[in-house]
A.B. asks: 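Supplied in structure tokens, the structure appears directly below.
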Protein chains: 2
Amino acid sequence: MGITKNQIFTDKQNDLAQFFKVLGHPARVAILQYISNQNACICNDLVEEIGLAQATISQHLKELKSIGLLHGEVEGKSMCYCINIERWTAIQNQLNSFFNTTKSNCC
Amino acid sequence: MGITKNQIFTDKQNDLAQFFKVLGHPARVAILQYISNQNACICNDLVEEIGLAQATISQHLKELKSIGLLHGEVEGKSMCYCINIERWTAIQNQLNSFFNTTKSNCC
DNA sequence: TTTATATATTGCAATATTACGATAATAAAC
DNA sequence: GTTTATTATCGTAATATTGCAATATATAAA
């Protein structure tokens, strides 16, 4: 099958899983870390920095955008991709809430 | 291709992405939440509770075990799957460290 | 307008994931 | 020992993801 049965889970569970899923690729982790360490954030730098093809980086950026973690602005002929800090913090809070309400209670 | 190029990333980036990835499925989120709310934690309950086939649940449990989040003990003819709280907290800390060291610095 | 540069999109091949039925393995109950 | 109940594993089909070359798009520079 290969298809995740989203309909049998709650919206919260699906959202949470989606956040985790988008962060669940080393290229996307690396992209976020790289952008975070720059003063400028130009997509083309990422291609050299990360070592994946331009098309692949563009695809990963799209996924990060899909959950609102990045926003991009046209900056001349390049793009300025930046971390959306409000969204970033909101997602961190949701993940922590999940971690904090899930506890061991046996063995 | 379909194969993630792990070799171009650091071990830390790969580990972090792996944690996110394992948590990136609603069934696994639901399994953790369910186990957390029970006093006992029997796999067979999960099949009814989650609504996926027994083989599928078993597969998801295996993935959660792979990053050490669950440990199972034989309990008669069933299994007692529990959350490994030390590991749980350790992973939460690693994820938070990632979130806290990644900051917005432009736009 | 043409050319050069930067990013996005499309199409495709390879691999991974999800899900499940069938079957094996294990242990309790009889 | 046989049966029953529970979980794991195998095999397989369907779908998703990853990655890249080629191409399209958009803007700046010449």
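Below, chain A is the first sequence line, B the second, and so on; all start at residue 1.
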A.B. asks: Consider the side chain of B:K77, meaning its heavy atoms from C-beta on, and name the nucleotide among D:dA5, C:dA19, D:dA28 that approaches it most closely.
C.D. replies: D:dA5
A.B. asks: Can you check whether A:Y81 has a side-chain N or O nearer than 4.0 Å to OP1 or OP2 of C:dA6?
C.D. replies: no
A.B. asks: Which nucleotide wins on minimum distance to the side chain of B:M79, given the candidates D:dC10, D:dT7, D:dC20?
C.D. replies: D:dT7
A.B. asks: Considering only C:dT7, C:dA19, D:dT9, which nucleotide approaches the side chain of A:K5 most closely?
C.D. replies: C:dA19
A.B. asks: B:R87 and side-chain contact (heavy atoms from CB on, under 4.5 Å): which single residue from B:N84, B:T89, B:I83 fits?
C.D. replies: B:N84
A.B. asks: Measuring to OP1 and OP2 of D:dT17, would you say a side-chain N or O of A:H60 lies under 4.0 angstrom away?
C.D. replies: no
A.B. asks: What's the closest nucleotide to the A:A53 side chain, out of D:dC20, C:dC20, C:dA8?
C.D. replies: D:dC20
A.B. asks: Figure out the CD1/P separation between B:I57 and C:dA19, and round it to whole Å.
C.D. replies: 9 Å
A.B. asks: Take atom CG of B:L64 and atom P of D:dA8, then tell me their distance rounded to the nearest Å.
C.D. replies: 12 Å
A.B. asks: Please state how far atom CD1 in A:I3 lies from atom C1' in D:dT17, giving the value in whole angstrom units.
C.D. replies: 14 Å
A.B. asks: Does A:Q54 contact C:dA8 through a side-chain donor or acceptor facing the base, at a distance under 3.5 Å?
C.D. replies: yes
A.B. asks: Do A:N100 and B:Q92 get their side chains close enough for a donor-acceptor pair, meaning under 3.5 Å?
C.D. replies: yes
A.B. asks: Which part of the nucleic acid, if any, lies within reach of B:L52 when heavy atoms closer than 4.0 Å are counted: base, sugar-phosphate only, or nothing?
C.D. replies: sugar-phosphate
A.B. asks: Rounded to whole angstrom units, what separation is found between the CD atom of A:Q59 and the C1' atom of C:dA6?
C.D. replies: 17 Å
A.B. asks: Mark yes or no for whether B:S58, through its side chain, and B:Q54, through its backbone, hold a donor-acceptor pair below 3.5 Å.
C.D. replies: no
A.B. asks: Quick one: which of C:dC20, C:dA8, D:dT18 gets closest to the side chain of A:K65?
C.D. replies: C:dA8
A.B. asks: Taking NZ from B:K62 and C1' from C:dA19, how many angstroms apart are they, rounded to a whole number?
C.D. replies: 15 Å
A.B. asks: Between A:T4 and B:E75, which residue's closest nucleotide on DNA chain C lies nearer the 5′ terminus?
C.D. replies: A:T4
A.B. asks: Does B:N44 place a side-chain N or O at less than 4.0 Å from the phosphate oxygens OP1/OP2 of D:dA5?
C.D. replies: no
A.B. asks: Please work out whether the ring planes of B:F99 and B:F20 are parallel, tilted or perpendicular, with thresholds of 30° and 60°.
C.D. replies: perpendicular
A.B. asks: What is the distance, to the nearest angstrom, from the CG atom on A:L46 to the C1' atom on C:dA8?
C.D. replies: 15 Å
A.B. asks: Apply side chain to side chain contact (heavy atoms under 4.5 Å, CB included) to B:S78 and list each qualifying residue two or more places apart in sequence or on a separate chain.
C.D. replies: B:I42
A.B. asks: Taking all atoms of both residues into account, what is the closest heavy-atom pair of A:L69 and A:I91, and its distance?
C.D. replies: CD2-CD1, 4.0 Å
A.B. asks: Just wondering, are more than 12 heavy atoms of other shown residues or ligands nearer than 6.0 Å to CD in B:E48?
C.D. replies: no
A.B. asks: Between B:N6 (CG) and C:dT15 (P), how many Å, whole number?
C.D. replies: 15 Å
A.B. asks: Does the side chain of A:S58 get closer than 4.0 angstrom to OP1 or OP2 of C:dA8 through an N or O atom?
C.D. replies: yes
A.B. asks: Test your reading of the model: is there a side-chain donor-acceptor pair from B:W88 to the backbone of A:T102, 3.5 Å cut-off?
C.D. replies: yes
A.B. asks: Below 4.0 angstrom, which residues in residues 8-31 of chain A have at least one non-hydrogen atom near DNA chain D?
C.D. replies: A:K21, A:H25, A:R28
A.B. asks: Measure from CD on A:E73 to C1' on D:dA26 and round the result to the nearest Å.
C.D. replies: 17 Å
A.B. asks: Across the strands shown, which category fits A:S78 at heavy-atom distances under 4.0 angstrom: base, sugar-phosphate, nothing?
C.D. replies: sugar-phosphate
A.B. asks: Using heavy atoms to find the nearest nucleotide of DNA chain C for A:L61 and B:E63 separately, return the residue whose nucleotide is more 5′.
C.D. replies: A:L61
